[in-house]
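So that we are looking at the same thing, I have put the structure below in structure tokens.
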Amino acid sequence: MARLLLGVSGGIAAYKALETARLAVRHGHSVRVVQTPASERFVGRASFAAITGAPVLLDEFESDPARGAYPGEPVPDRAPISHLALVERADAFLIAPASANTLAKLAGGHADNLLTTAALAAACPVLVAPAMNDRMYRHPATQRNLEQLEARGVTVIPPGEGELASHGEHGIGRLPEPEQLAARWEQAASRTDAWAGLRVLVTAGGTQEPIDSVRFIGNRSSGRMGYALAAGAAARGAAVVVVAANVRLADPLGVQVVPVRTAAEMQLACEAHAPVSDVILMAAAVADFRPVRPAADKLKKDRGVPTLEIEPTEDILSQITARRRSGQSVVGFAAEHGEEAIAYGRAKLERKDLDLIVINDIARSDIGFDTSHNEVTLIARDGLERTIPRADKAHVAEDILNEVDRLRSSSEGGSGGTGRTVSVGTTTV
């Protein structure tokens, strides 16, 4: 697993860094933490030490009892320079929260505390997660600092919008949730070139088929699973395009996003990108039906209950598999309900002559729709059948991508193509 370095600067959002560290440790990574003196006003170093099982450093001149080692590693015989050793051995360095002051120092190349000194010496991927008041975040100086950091290759994890620390204030500047931070941190640490040269198409979200200018028929889907697959593929070095239907999430890093609303729009986008894609991950929830004649304006209740004539939408998956080329892999999800979920999925596997079907049981409230976690079952024609236990969607996505790797490498003597479809049903969450 990875060696992860966490930098914590001063801000009330520092409490989220505790959970971020805990998640990384729970996923098997070795974590070290460096703090700014200001951050101790919000979270003490003893809390991070208890979670990581390693000493926490605040000052570049204090000695490190672990001598630069990460948990599980032997302590070196000689004491290195602490800020150099920690970041030199790190696979990824996340600074969360990154205050406006810390961002300004990083952009200016300052090194006046342990955190900024380590950042300046970092050769590993560096990620910053800004967290501050809305007005501070929007200030031109802060925006310019973020632009400078991105230009140097630093990954900026955008803040969310909502209630801020100041009573009654609402705006952009909230630190993302720990699960999002941990997923981006781990992805940065695990980035490889294993899929370099591959072109990947992902569909995500749920289509909306208009009834009138306000209402629509649609399928529930947050797009989280599709975005996790896209981020995972990009972390492996692939060139990724996401056709996103009504997704309200931050775009995955290094991914081209094509926004669409309806099944027809998604079909056109897929027709443009599928022929040149090597791996196609059909994770979108495409509505099965749409009104034949949607109203141009809003239907009024006082006019009575309208009669809707509906028709089936495009079967995008079938169109893609019918036109696939040799060596192209097509992957997706099937959302089923209740005790018969596996049976329905297996029947779909046979009925559609698929190589792989990934099934998630949408009857459970703790996974699937509008949650950050999922639990899926993989059924493959070559005999594989296993359950991926409940985990955040980034980890589920990694398991699915690993299965794509297995199928592509095992087919045609490892020539890099399946020779047939690796495909699944019609919807995901």
Open item on the list: Please give me the minimum heavy-atom distance between S47 and L18, naming the atom from each residue.
Closed with: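 Taking S47 first and L18 second, the nearest heavy atoms are CB-CD2, 3.6 Å.
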
Task: Residue pairs involving residues 72-81 (criterion side-chain hydrogen bond (donor to acceptor under 3.5 Å, both in side chains); sequence neighbours excluded) - done: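 Qualifying pairs: R3-E73, E73-R89.
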
- [ ] Look only at the side chain of T116 and the backbone of N113, and say whether a donor-acceptor pair between them is shorter than 3.5 Å.
- [x]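 Yes, the answer is positive, given that a donor and an acceptor are paired below the 3.5 Å cut-off.
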
Open item on the list: Could you check whether any side-chain N or O of E209 sits under 3.5 Å from a backbone N or O of A263, counting only pairs where one atom can act as donor and the other as acceptor?
Closed with: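 Yes, because the side chain of E209 sits within donor-acceptor range (under 3.5 Å) of the backbone of A263.
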
Open item on the list: For a 4.5 angstrom cut-off between non-hydrogen side-chain atoms, does D405 reach L401?
Closed with: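 No, their side chains stay 4.5 Å or more apart.
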
TODO: Mind checking the CG-CG spacing from D399 to N374? Nearest 0.5 Å is all I need.
DONE: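 The distance works out to 11.5 Å.
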
- [ ] Find out whether M266 and T203 are in side-chain contact, i.e. whether some heavy atom of one side chain is under 4.5 Å from a heavy atom of the other.
- [x]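 Result yes, sub-4.5 Å side-chain heavy-atom pair found.
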
TODO: Any chance you could measure N101, atom CG, to M132, atom CE, to the nearest 0.5 Å?
DONE: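 Answer for the CG-CE pair, N101 versus M132, is 10.0 Å.
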
Task: Listed once per pair and sorted, the ring pair (Phe, Tyr, Trp, His ring centres under 6.0 Å) pairs that draw on residues 6-55, sequence neighbours left out - done: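 For residues 6-55: H27-H395.
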
Task: Check against side-chain contact (heavy atoms from CB on, under 4.5 Å), T52 and V33 - done: CA-CA 8 Å; T52 64; V33 178; 4.0 Å; yes

- [ ] For R386, check side-chain hydrogen bond (donor to acceptor under 3.5 Å, both in side chains) against everything at least two apart and list the hits.
- [x]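 side-chain hydrogen bond (donor to acceptor under 3.5 Å, both in side chains) check on R386 returns nothing, list empty.
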
Using atom types as modelled, flag every donor-acceptor pair under 3.5 Å from a side chain in residues 244-261 to any protein atom, sequence neighbours excluded.
| from | atom 1 | to | atom 2 | distance (Å) |
| --- | --- | --- | --- | --- |
| N246 | ND2 | G206 | O | 2.8 |
| N246 | ND2 | R261 | O | 3.2 |

- [ ] Measure the spacing between CG of L115 and OG of S99 and express it to the nearest 0.5 Å.
- [x]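 Spacing of CG (L115) from OG (S99) equals 9.0 Å.
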
TODO: Please determine if D64 and R67 form a salt bridge, counting it only when a charged side-chain N lies under 4.0 Å from a carboxylate O.
DONE: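 A salt bridge is absent here (no side-chain N lies under 4.0 Å from a carboxylate O).
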
TODO: Decide whether T321 and S318 meet the rule of one side-chain donor and one side-chain acceptor closer than 3.5 Å.
DONE: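 Checked: T321/S318 side chains show no N/O donor-acceptor pair below 3.5 Å.
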
TODO: Would you give the length of the straight line joining atom CZ of R406 to atom CG of N402, rounded to the nearest 0.5 angstrom?
DONE: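 Between atom CZ of R406 and atom CG of N402 there are 11.0 Å.
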
Task: Residue pair L181 / P176: nearest heavy atoms and the distance that separates them - done: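 In this case the closest contact between L181 and P176 is CD1-O, 3.6 Å.
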
Task: Min side-chain heavy-atom separation V8-V43 under 4.5 Å - done: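 Side chain of V8 against side chain of V43, heavy atoms only: no contact under 4.5 Å found.
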
- [ ] Would you check if I359 and Y344 make a side-chain contact, meaning some heavy-atom pair closer than 4.5 Å?
- [x]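 Not in contact.
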
TODO: Can you tell me which residue pairs pass the salt bridge (charged side-chain N to carboxylate O under 4.0 Å, His left out) test with a partner in residues 176-190, sequence neighbours excluded?
DONE: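 Non-adjacent pairs meeting salt bridge (charged side-chain N to carboxylate O under 4.0 Å, His left out): K16-E177, R174-E177.
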
Open item on the list: Has T142 got a side-chain atom pairing as donor or acceptor with A100's backbone, closer than 3.5 angstrom?
Closed with: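 Between the backbone of A100 and the side chain of T142 there is no qualifying donor-acceptor contact (under 3.5 Å).
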
Task: P275: side-chain contact (heavy atoms from CB on, under 4.5 Å) partners, not counting sequence neighbours - done: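 P275: no side-chain contact (heavy atoms from CB on, under 4.5 Å) contacts found.
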
Task: N/O donor-acceptor pair under 3.5 Å between R32 side chain and P71 backbone - done: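 Looks like no, no N/O pair under 3.5 Å.
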
- [ ] Would you sort out whether D91 and W185 count as a side-chain contact (heavy atoms from CB on, under 4.5 Å), showing the intermediate values?
- [x] CA-CA 9 Å; D91 296 307; W185 197 12; over 6 Å; no

Open item on the list: Using the rule side chain to side chain contact (heavy atoms under 4.5 Å, CB included), only one of I388, T387, N360 pairs with E375; which is it?
Closed with: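 By the side chain to side chain contact (heavy atoms under 4.5 Å, CB included) criterion, E375 pairs with just one of I388, T387, N360: T387.
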
Task: Residues E385, I342; criterion side-chain contact (heavy atoms from CB on, under 4.5 Å); working and verdict - done: CA-CA 10 Å; E385 180 171 341; I342 301 301; 4.2 Å; yes

- [ ] Carefully, step by step, assess I316 and C270 under the rule side-chain contact (heavy atoms from CB on, under 4.5 Å).
- [x] CA-CA 8 Å; I316 301 172; C270 287; 4.1 Å; yes

- [ ] Would you mind reporting whether E403 and R408 have side-chain heavy atoms less than 4.5 Å apart?
- [x]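 Side-chain contact under 4.5 Å: no.
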
Task: Minimal non-hydrogen separation, L57 against S63, with atom names - done: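 Heavy-atom minimum between the residues: CD2-O, 4.0 Å.
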
- [ ] Can you measure from CG (D59) to OG1 (T117) and round to the nearest 0.5 angstrom?
- [x]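 Between atom CG of D59 and atom OG1 of T117 there are 9.5 Å.
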
Open item on the list: Keeping S30 on the side-chain end and Y70 on the backbone end, is there a donor-acceptor pair under 3.5 Å?
Closed with: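 Between the backbone of Y70 and the side chain of S30 there is no qualifying donor-acceptor contact (under 3.5 Å).
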
Task: Minimum side-chain heavy-atom gap L58-L114 below 4.5 Å - done: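 When only atoms from C-beta onward are counted, L114 and L58 do not touch, as no gap falls below 4.5 Å.
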
Open item on the list: Quick one about Q319 and E314 (side-chain donor to acceptor, distance below 3.5 Å, no hydrogens or angles considered), yes or no?
Closed with: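 No.
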
TODO: Could you tell me the separation between the CG atom of L94 and the OG1 atom of T20, rounded to the nearest 0.5 Å?
DONE: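 Rounded to the nearest 0.5 Å, the CG-OG1 separation comes out at 7.0 Å.
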
Open item on the list: Donor-acceptor pair, distance only, cut-off 3.5 Å: does the side chain of E40 make one with the backbone of T36?
Closed with: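 The answer is no, because no donor-acceptor pair under 3.5 Å joins these two groups.
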
Task: Any donor-acceptor N/O pair, R45 side chain to V56 backbone, under 3.5 Å - done: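 Confirmed, R45 side chain pairs with V56 backbone.
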
TODO: May I have all residue pairs that pass salt bridge (charged side-chain N to carboxylate O under 4.0 Å, His left out) and include part of residues 113-135, sequence neighbours excluded?
DONE: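 Counting only pairs at least two positions apart or across chains, the salt bridge (charged side-chain N to carboxylate O under 4.0 Å, His left out) contacts touching residues 113-135 are D134-R138, R135-E169.
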
- [ ] Please list all pairs passing the ring pair (Phe, Tyr, Trp, His ring centres under 6.0 Å) test where one or both residues lie in residues 98-136, with sequence neighbours left out.
- [x]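 Output for this query is empty, none listed.
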
Task: S9: side-chain hydrogen bond (donor to acceptor under 3.5 Å, both in side chains) partners, not counting sequence neighbours - done: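 With sequence neighbours excluded, S9 shows a side-chain hydrogen bond (donor to acceptor under 3.5 Å, both in side chains) to no residue whatsoever.
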
Donor-acceptor list for residues 277-284 side chains, cut-off 3.5 Å, not counting sequence neighbours:
| from | atom 1 | to | atom 2 | distance (Å) |
| --- | --- | --- | --- | --- |
| S277 | OG | H273 | O | 2.7 |
| D278 | OD1 | R325 | NH2 | 3.3 |
| D278 | OD2 | R199 | N | 2.8 |

Task: Heavy-atom pair of closest approach, residues I217 and F289 - done: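 So the minimum-distance heavy-atom pair works out to CG2-O, 4.0 Å.
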
- [ ] Identify the two heavy atoms, one from L6 and one from A96, that lie closest to each other, and give their separation to 0.1 Å.
- [x]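 Where L6 meets A96 most closely, the heavy atoms are CD1-O, 4.1 Å.
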
TODO: Would you mind reporting whether I379 and L384 have side-chain heavy atoms less than 4.5 Å apart?
DONE: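 Side chain of L384 against side chain of I379, heavy atoms only: no contact under 4.5 Å found.
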
Task: L407 side chain near S329 side chain, heavy-atom distance below 4.5 Å - done: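 Side chain of L407 against side chain of S329, heavy atoms only: no contact under 4.5 Å found.
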
Could you tabulate the donor-acceptor pairs under 3.5 Å formed by side-chain atoms of residues 147-162, not counting sequence neighbours?
| from | atom 1 | to | atom 2 | distance (Å) |
| --- | --- | --- | --- | --- |
| R152 | NH1 | L106 | O | 3.2 |
| R152 | NH1 | A107 | O | 3.1 |
| R152 | NH2 | A107 | O | 2.6 |

Task: Closest non-hydrogen atom pair, P130 against L175 - done: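 That closest heavy-atom pairing would be O-CD1, 4.2 Å.
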
Task: Partners passing side-chain contact (heavy atoms from CB on, under 4.5 Å) against A183 (at least two apart in sequence or in another chain) - done: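 If we apply the side-chain contact (heavy atoms from CB on, under 4.5 Å) test to A183, skipping adjacent residues, the hits are Q187, A394.
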
